[in-house]
Amino acid sequence: MAILITGGAGYVGSHAVHALAACGYKLAVVDNLSTGFRAAVPEDVHFYEGDIRDRVFLDGVFAAEPVEGVIHFAASSQVGESMVHPLRYYDNNLGGTRVLLESMLAHGVKTIVFSSSAAVYGEPQQVPIRETDPTNPTNCYGETKLAMERMMHWAEAAHGLRYVALRYFNACGARMEGGIGEAHDPETHLIPLILQVANGQRPQIAVFGTDYPTPDGTCVRDYVHVDDLAQAHRLALEYLLHGGKSQCINLGSGSGFSVREMIDAVRRITGHAIPVSEQPRRAGDPAVLVASIEKAAAVLGWQPQCSDLEQVIASAWAWHRTHPNGYRE
Ligand code: UDP
């Protein structure tokens with residue numbers, strides 16, 4: 001039996017593919033390569049290039065592969081873009097998930113682990129954020145992730161689907177064994193942008209907002225290593241395959257760092273000065289987002305293993321220094 005991984009050529013997806021392959025799982029990867037890279041998937045993994053909104057294509061994959069469970073990463077994931085093109089996010093994230101669930105159920109596959117996001121919470125009323133806290137997304141991306149969770153909830157009620165929604169905080173870092181890493185075009189995420197400064201690819205890093213109610217005035221986030229996320233997907237899959245019930249689970253490091261602390265850490269690790277340009281706040285950014293990770297420990301037995309700041313930045317630096325243009329030569 002195989003595990004079908006949608007979006008397996010993307011950033012978190014490709015790290016999960018490598019982690020599951022290393023544990024001996026037989027995998028089939030589906031990706032339309034709109035933002036993912038074929039080179040991020042090991043050569044010997046079955047790869048199907050196509051779009052999950054295409055039912056005929058997906059039915060063909062399920063007919064070719066004896067699938068026992070699905071890990072679903074394929075989705076649009078940029079907050080800013082989701083505010084400019086909200087209907088595209090509904091089409092790709094909700095439309096894609098609907099077709100995927102229909103095709104799964106038609107082939108008798110009823111277990112799915114999928115990427116949700118801390119963006120489902122919106123502005124938190126308390127930190128650390130617990131899974132039982134209110135969900136009030138402040139952007140369209142988070143709204144579609146929450147709607148994906150609800151779609152699975154109703155598919156469970158009607159059809160017996162079981163799911164684990166993994167609500168990631170800030171995914172970061174690169175595979176500790178090397179070979180793959182983060183590659184977005186355009187890049188909008190803090191750590192790769194700071195590392196581009198260290199690499200001489202941009203002159204300075206913009207700090208979005210210095211007047212937040214935090215100790216140094218800049219936003220605090222919970223940065224969790226992508227290899228830790230990958231292991232959590234494996235554990236969630238195994239939990240479901242052993243009969244576990246549906247869950248929504250936070251994945252973070254459990255610690256928060258400010259933008260200035262991240263820049264200082266990159267200075268320390270790369271030895272580069274990293275000039276800073278202080279800018280106004282970016283619309284929609286909450287001041288502090290930090291995960292409670294007690295549920296992931298209790299339900300999945302998951303603990304972050306490589307999410308301390310040094311490991312996150314050193315692994316990301318090793319990748320970006322050797323792949324300044326990502327997967328493009
Ligand atoms: N950020 C920043 N400068 C940048 C990019 C990001 O100051 O060039 C800040 C952003 O406002 C947020 C934090 O860094 O507080 C993390 O942003 P990122 O886009 O990496 O992830 P997000 O928290 O939006 O998921």
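Order of listing sets the numbers, starting from 1, for every ligand and every atom in it. Note that the structure is predicted; figures quoted are calculated from it, not measured.
- Nearest non-hydrogen protein atom to atom 25 (O) of ligand 1 is N170 ND2, 3.6 Å.
- Counting only heavy atoms of the protein, atom 4 (C) of ligand 1 lies nearest to F208 CE1, 3.4 Å.
- Between R260 and E278, at least one side-chain N (NZ, or NE/NH1/NH2) sits under 4.0 Å from a carboxylate O, which counts as a salt bridge.
- Taking a cutoff of 4.0 Å between a charged side-chain nitrogen and a carboxylate oxygen, D264 and R267 qualify as a salt bridge.
- Listed by number with element, the atoms of ligand 1 under 4.0 Å from a non-hydrogen atom of L193 are 8 (O).
- Within the set V259, T188, I205, I191, the minimum heavy-atom distance to atom 9 (C) of ligand 1 is found for V259.
- At a 4.0 Å heavy-atom cut-off, ligand 1 touches L190 through backbone and side chain alike.
- Classified by interplanar angle (parallel below 30°, tilted 30° to 60°, perpendicular above 60°), the ring pair W319/Y327 is tilted.
- In this structure, the ring of H72 has its center no less than 6.0 angstrom from the ring center of Y163.
- If you look at Y168 next to ligand 1, there are no close heavy atoms at all, none under 4.0 Å.
- One finds no salt bridge joining R38 and E49 here, because no Lys/Arg side-chain nitrogen approaches an Asp/Glu carboxylate oxygen to under 4.0 Å.
- Distance from atom 24 (O) of ligand 1 to its nearest protein heavy atom, with residue and atom name: R282 NH2, 2.7 Å.
- E149 and R167 are joined by a salt bridge, as a carboxylate oxygen and a charged side-chain nitrogen come within less than 4.0 angstrom of each other.
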